[in-house]
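Shown next, in structure tokens, is the structure this report addresses.
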Amino acid sequence: MARYWLLKSEPSVFSIDDLRRAPRQTTSWEGVRNYQARNFLRDDMQVGDQALFYHSNVTPAGIAGIVEVVRAGYPDHTAFDPESRYYDVKSDPARPTWFMVDVRLVRVFPRLITLDELKRTPGLETMLVIRRGMRLSVQPVTESEWHVVLALAGGEPALA
DNA sequence: GCCAACGTTGGC
DNA sequence: GCCAACGTTGGC
């Protein structure tokens with residue numbers, strides 16, 4: 001049973017356009033350094049799960065499209081690379097602390113679904129991403145929330 | 001750039 | 001284990 005997720009990325013670091021131009025429109029979701037998010041990546045995300053691609057720390061913030069998990073959790077090797085911005089001196093390759101998944105672009109929405117719009121949409125009242133102070137960068141999304149968001153995106157799928 | 005909210009660290 | 005200090009996130 002596929003699950004639904006929301007993945008945050010700052011577009012100045014990695015945007016949905018970057019993913020669209022990436023080889024095979026696939027990327028590793030590296031650099032998550034929060035334990036709760038790590039647990040989702042390591043333990044819960046499965047091949048075939050789909051995720052909303054959320055642009056954070058930008059005006060306006062919002063959902064830009066959909067990705068699909070194509071590889072389940074595996075160690076985030078950037079934690080072992082001193083040259084990486086995600087290097088973590090305390091992460092032991094023999095017992096990795098941090099994990100990542102691979103995702104492939106499924107769809108770019110014809111327009112950004114803004115955070116403000118999410119907040120005003122019936123059916124999304126308890127969606128995690130609209131919660132004040134919610135910093136979790138990997139979040140579960142319920143099936144009903146998923147369908148409401150896709151209805152907002154509207155129209156025919158804008159395929160990647 | 002500001003700053004509130006949050007997660008982590010580390011002294012005790 | 002407590003909790004103040006600190007660094008980061010992320011909306012605005």
Side-chain angles (χ1 to χ4, degrees), chain A residues 3-22 27-45 49-69 72-103 105-142 144-146 148-154:
Chain A
R3 297 198 205 186
Y4 300 110
W5 306 95
L6 179 144
L7 296 171
K8 289 185 191 173
S9 184
E10 301 189 20
S12 62
V13 177
F14 189 79
S15 71
I16 202 162
D17 254 0
D18 294 326
L19 180 55
R20 192 171 48 75
R21 291 190 295 260
T27 189
S28 54
W29 203 260
E30 66 197 41
V32 172
R33 297 291 179 267
N34 166 281
Y35 287 102
Q36 195 179 352
R38 185 279 311 272
N39 292 345
F40 286 135
L41 293 172
R42 185 189 62 187
D43 305 331
D44 299 313
M45 294 183 79
D49 286 2
Q50 293 198 307
L52 303 169
F53 192 119
Y54 182 86
H55 280 175
S56 65
N57 201 20
V58 67
T59 304
I63 298 167
I66 296 172
V67 299
E68 178 174 356
V69 177
Y74 63 105
D76 180 346
H77 52 77
T78 66
F80 314 132
D81 175 7
E83 301 301 310
S84 170
R85 61 177 293 181
Y86 302 122
Y87 179 58
D88 177 4
V89 67
K90 298 196 298 291
S91 180
D92 174 5
R95 292 196 44 174
T97 305
W98 305 116
F99 284 73
M100 59 188 180
V101 299
D102 289 353
V103 298
L105 184 61
V106 171
R107 181 178 168 192
V108 179
F109 288 162
R111 63 185 183 85
L112 190 77
I113 315 259
T114 66
L115 178 59
D116 183 62
E117 186 174 357
L118 296 174
K119 288 176 176 172
R120 290 186 282 101
T121 300
L124 300 183
E125 293 85 353
T126 59
M127 193 173 185
L128 290 175
V129 73
I130 70 170
R131 233 183 247 179
R132 170 179 175 73
M134 167 52 70
R135 303 188 340 188
L136 191 59
S137 64
V138 179
Q139 303 176 4
V141 170
T142 70
S144 74
E145 289 164 352
W146 180 266
V148 171
V149 170
L150 262 60
L152 283 179

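First the proteins, then the strands, lettered A, B, ... as listed; each starts at 1.
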In whole angstroms, the gap separating C1' of B:dG7 from CH2 of A:Trp98 amounts to 10 Å
Treating A:Ser9 as the side-chain partner and A:Phe14 as the backbone partner, does any N or O pair qualify as donor plus acceptor under 3.5 Å?
yes
Looking at A:Arg20 and A:Leu105, would you say the former's side chain and the latter's main chain have a donor-acceptor pair under 3.5 Å?
no
Whole-Å distance between B:dT9 C1' and A:Asp88 CG?
13 Å
Round to the nearest Å and state the distance from A:Gln36 atom CD to C:dT9 atom P.
16 Å
My understanding is that only one of A:Glu83, A:Arg33, A:Glu30 makes a side chain to side chain donor-acceptor pair (under 3.5 Å) with A:Thr78; could you say which?
A:Arg33
Please state whether the phosphate of C:dG11, meaning OP1 or OP2, lies under 4.0 angstrom from any side-chain nitrogen or oxygen of A:Tyr54.
yes
Rounded to whole angstrom units, what separation is found between the CD atom of A:Glu10 and the C1' atom of C:dG11?
12 Å
First of A:Tyr35 and A:Asn57 reached from the 5' end of DNA chain B, by closest nucleotide
A:Asn57
Separation of B:dT8 atom P from A:Arg38 atom CZ, nearest Å, is 10 Å
Winner on side-chain proximity to A:Arg132, out of B:dG7, C:dG10, B:dA5, is B:dA5
For A:Arg38 and A:Thr97, indicate whether the former's side chain and the latter's backbone hold a donor-acceptor pair under 3.5 Å.
yes
Whole-Å gap separating C1' (C:dC12) and NE2 (A:His55)
18 Å
Between CG of A:Leu136 and P of C:dT8 the distance, given in whole Å, is 18 Å
Interatomic distance where CG belongs to A:Leu115 and C1' belongs to C:dG10 [whole Å]:
10 Å
Over all strands shown, is A:Thr59 touching base, sugar-phosphate only, or nothing at heavy-atom distances under 4.0 angstrom?
base
Sub-3.5 Å donor-acceptor pair from the side chain of A:Asp88 to the main-chain atoms of A:Ala79, do we have one?
no
Would you tell me if any nitrogen or oxygen in the side chain of A:Lys90 comes within less than 4.0 Å of OP1 or OP2 on B:dT9?
yes
Does A:Lys8 put a side-chain nitrogen or oxygen below 4.0 Å from OP1 or OP2 of C:dG10?
yes
